[in-house]
Structure formats: C-alpha cells, structure tokens
Amino acid sequence: MLVTTQEQAERARDSEQRVLSRTRWSISLRIAVVMSAVIAFLGVAIYLVMLAEQNRDISHELYYAADLTPANASPGCVWVTVEHQGALTSSVGMPPGLPQEASINRVAGGQPAIRQDVDANGSDYVVVTQRRGADVLQIVIEREFQVDDRDDLLLALGLAELIGLIAAVISGGALAKRAMSPLCESMNRQRRFVADASHELRTPLTQLHTRTQLLLRRADRGELTERELADELNRIVAGTRQLGDVVDDLLLSTQLGALPTPWDTVDLGEVALAAVEAESARAQVTGLVLDMQVTEAEHLVTGAASALRRVVSALLDNAIGHTPVGGRITVTVDRADAGTVRLTVRDTGVGFDPADAELLFARFARGTSGRGRRFGLGLALAREVVDNHHGSISADSRPGGGATFTVLLPAAGGRAAASAAEAVGAVGADVVEPEPAGTGPV
C-alpha cells in the first residue's frame, strides 16, 4: 500500500496560494480604488465645468433680458416684471408664485440688486431684481433644462463610475494575476529545487556518514590495516567528489533547466559499480547482502555520469529502505538487445501491489514500510533523469515477494569499453548482525 505526502505538499501550496490570492485581490482593489478616484475626479471636473457654463449662459440671458419689457419677453423661458411708479407689469405666463414682490420692494427702497434661486411650483428659477433707471426690473429665468442636464450628467457619471469599478476589478485581477505569475512560478521552482536538492544530497551524505562512522569504529577496535585504512579513505574522498558533482548538477539545473551538456559516453557498469561500493557500508550496517553482476558485453550509454549514478543510488536507497535484515539486493547490468543497455535492481524486500507500480514514480509517493524518513522523491527524480536520457524505467513486484526495478537506456556507439566484470566480479557483504540500538548511524 502506498501512502503519499502529496496532501501535505498540497496544503503547503494551498497556504501559499491563499496568500498570493489575497495579494492579487489587494492589488485588484487598489487598482479599482485608483481608477474609481480618477473617474470621480474627472466627473467632478466635468460637473464643475458644466455648472460654470450654465452660469455663464444665465449671465448672458440676464444681460439680454435687461432690455426686455413684459410685452416682448419670451414666455416659457424668460419672464420680466417691471415696477413703475408703484405699479407692477409682468410678462404673460409668469409662473405661479412669481414675481417676488418682496425683493422688488427692497430694491425699490434702495437696496442693491438681488439674485435668488427660487423653487416655485416644482421648478427651479433664477430671479434677479435690479434697478433700470427709475424703474425696478425683475427677471425670472427657468432652469428646468439645466437641472435636467445636470441630472443626466450625474446619472452618466454614476454609471461610468460603476462600470469603471467593475472593469477595474476584473482587469486589475487579470493584470495582477499575470504580473504575479512569474512570482508563483519562481516560488514553485524554489520549492521544487529545495525538495530535489534535499533528496539528492541526503543519499551521498548518508553514505559518507555511515562509511566514516564504520571506519571510526573499526579504527577504535584496531581492526584496520594501513592498506584498508587507505582504501576506505579513498572511498570517502570519492564520495565527497560525487557529492560535489551533485551540488554542481543542482546549481547548473537552476540555470539550464536540464542535465549538464554536452553529454559523454558513460560505462553504465562502472557507474553502477561505484554506486554499489558507496552503499556497501550502509548495507553492511543494516545487515544486507549487496551483489553486483555485470556481463561481459558493452554497457556504454550517452549521458551524464553523475546523473546516472544518482539513478542507481536512488534505486539502491529505495531497495535498502524496503528490505529487512538478512535480505539481498542484486544489481545487474547487461544488454537487453543490441541497442539497449539494461540496469536491474532486484531486492527481497516487502514488495508492493503491482497496481501501484506507476504511482511509485509520482513525486511524494512513498511506501508505508520504508526504513527511515522517506519523502517519495527518489524514484520520481530517477524517472526524470532516465526520461532525459531517452530511456525508460519500470517496476515489478508482488506483496512480500521483493521488487525489481529495470532501467533501459539506448546504447552508445563507438569504441568498446573495458569490461566492468573484470574489475568487479561480484561485490558482496556478508550478513552481519545489526549494530545494537543507539550505536547505528544517526
């Protein structure tokens, strides 16, 4: 049965997405507020300009109306009332409630001209009372059309503000999302890089730690000859070199987004041998037998040796983590056919349900019975490397019957490689008793 930590990763991503979503909405609302303020400012400016124009029009009408008499005033627009020697004469059609006799009397009594805004009979009027020679002249101008124009303008400005606000929210959201897409992508890349780097560095660090710890114990017990000590130190130096290669590849991947290029011709047998030797100390400590079998055929492929070594290390790490004490892990490198090199890692561990074979290669998928902390990245990263090498990787198993992982890579042409079998034969570690609790690798 597979248990996945994808939910935990998704919860972390959901939390980040909520923060980003709030940020997008905040940006959208700010854009909407700014656009609304701009539209409102323009609306106020237009309204004030319209008021100024209307007032200027009224001033012009007043200027011309000053020469009118009740007899020639224009009904329905301008009305005139003249006070002559105490008698009032008004234009035909003077609105009810007008003229303003009190204003006429005050001006007749010596007060300066009076201008009033009057609401009479449900309509707005401008009423100006002033002297004209010995007479008092009161001019009434209806503002109904001007008021209607202002109302229409306010309605139009209100609709423009509402439409502008909606458009600002929508467009602001789209622009904010587009502007933040690089940030989201950067955060996803950063999260993936941290996860990948942590996993890629864990295996070589575990190998170095286990080998160094085992070397220290054997040295304390006086079990090492000078030659054995030199061999072990050479293996540690090689491990640190491989660790440096991993770091270089990770740093390069952030710049290129792919494996290092150009690729070289790589002997997959030698790569597998180096990975097996690096894991031999951990296999010994955990009480496992680790075998290596290489046929005499050519095992040359085109690719990055450091990346292919990580594939073998990931498969070995997975096998060690799922094989109980006393189990056996066998690594085989041979030719599947004339154009294909095959790497097989077979263990006698707990196995898995065949229905879960493809799920094993999903990121963050892991088995429930694995030894130690496992984050389900090793097999996913191994598949990515194999895919980049134009190969394939598959898994086969049954519960309790161990597991077999097979990597197929296109064979490289060119010169024959030295047979890895001559150098390796079978590399194994006798089954040893596990270290007492508290003395194993940390």
Side-chain angles (χ1 to χ4, degrees), residues 16-68 73-80 93-100 103 112-130 137-187:
E16 292 180 357
Q17 289 299 322
R18 285 194 295 272
V19 173
L20 293 174
S21 178
R22 287 196 297 269
T23 303
R24 284 196 296 267
W25 277 110
S26 176
I27 294 175
S28 301
L29 291 177
R30 292 183 183 187
I31 292 176
V33 169
V34 171
M35 291 188 66
S36 298
V38 170
I39 295 174
F41 176 79
L42 293 176
V44 171
I46 293 172
Y47 188 79
L48 292 177
V49 170
M50 184 177 188
L51 282 180
E53 288 296 322
Q54 289 182 344
N55 289 331
R56 187 172 65 177
D57 291 341
I58 289 176
S59 297
H60 288 166
E61 290 182 7
L62 290 173
Y63 176 79
Y64 291 112
D67 294 331
L68 297 176
S74 176
C77 181
V78 179
W79 297 270
V80 178
M94 177 69 69
L98 295 171
Q100 293 284 310
S103 298
I114 300 174
R115 175 169 175 162
Q116 300 168 281
D117 290 325
V118 178
D119 183 3
N121 199 31
S123 298
D124 292 330
Y125 303 92
V126 176
V127 179
V128 176
T129 307
Q130 62 185 24
L137 181 69
Q138 186 174 83
I139 305 169
V140 177
I141 300 177
E142 188 175 14
R143 304 187 66 172
E144 179 180 356
F145 298 109
Q146 293 182 338
V147 172
D148 290 342
D149 289 342
R150 289 201 302 267
D151 291 342
D152 292 341
L153 177 61
L154 289 176
L155 178 61
L157 291 176
L159 291 176
E161 182 76 16
L162 178 61
I163 294 173
L165 181 62
I166 296 174
V169 171
I170 296 175
S171 61
L175 291 174
K177 183 177 181 179
R178 183 173 182 179
M180 294 184 67
S181 293
L183 175 61
C184 297
E185 180 65 19
S186 177
M187 293 178 64

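This is a predicted model, so every value here is computed, not measured.
- Annotation: side chain of Q100 is not in contact with side chain of I114 (no heavy-atom distance under 4.5 Å).
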Which side-chain N or O atoms in residues 157-174 pair as donor and acceptor under 3.5 Å with protein atoms at least two apart or in another chain?
residue: E161; atom: OE1; partner: A40; partner atom: N; Å: 3.4
residue: S171; atom: OG; partner: A167; partner atom: O; Å: 2.6
residue: S171; atom: OG; partner: A168; partner atom: O; Å: 3.4

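- Pairing each heavy atom of P96 with each of A120, the nearest pair is O-CB, 3.8 Å.
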Pair up each side-chain donor or acceptor in residues 122-130 with any protein partner under 3.5 Å, not counting sequence neighbours, and list the distances.
residue: T129; atom: OG1; partner: Q138; partner atom: NE2; Å: 2.8

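- In this view, Q54 and R150 satisfy the side chain to side chain donor-acceptor pair (under 3.5 Å) rule, not counting sequence neighbours.
- M50 contributes atom CE, which lies 8.5 Å from atom CG of L154 (distance to the nearest 0.5 angstrom).
- Counting heavy atoms from C-beta outward, S103 and Q116 have side chains that approach closer than 4.5 Å.
- For V33, there are no side-chain contact (heavy atoms from CB on, under 4.5 Å) partners at least two apart in sequence or on another chain.
- The stretch residues 43-53 participates, sequence neighbours left out, in these side chain to side chain donor-acceptor pair (under 3.5 Å) pairs: E53-R56.
- Considering CD1 of I141 and CD of Q146, their distance stands at 8.5 Å, rounded to 0.5 Å.
- How far CD1 of I139 is from CD1 of I58: 12.0 Å, rounded to the nearest 0.5 Å.
- Evaluation of the salt bridge (charged side-chain N to carboxylate O under 4.0 Å, His left out) rule for D119 yields no partner, not counting sequence neighbours.
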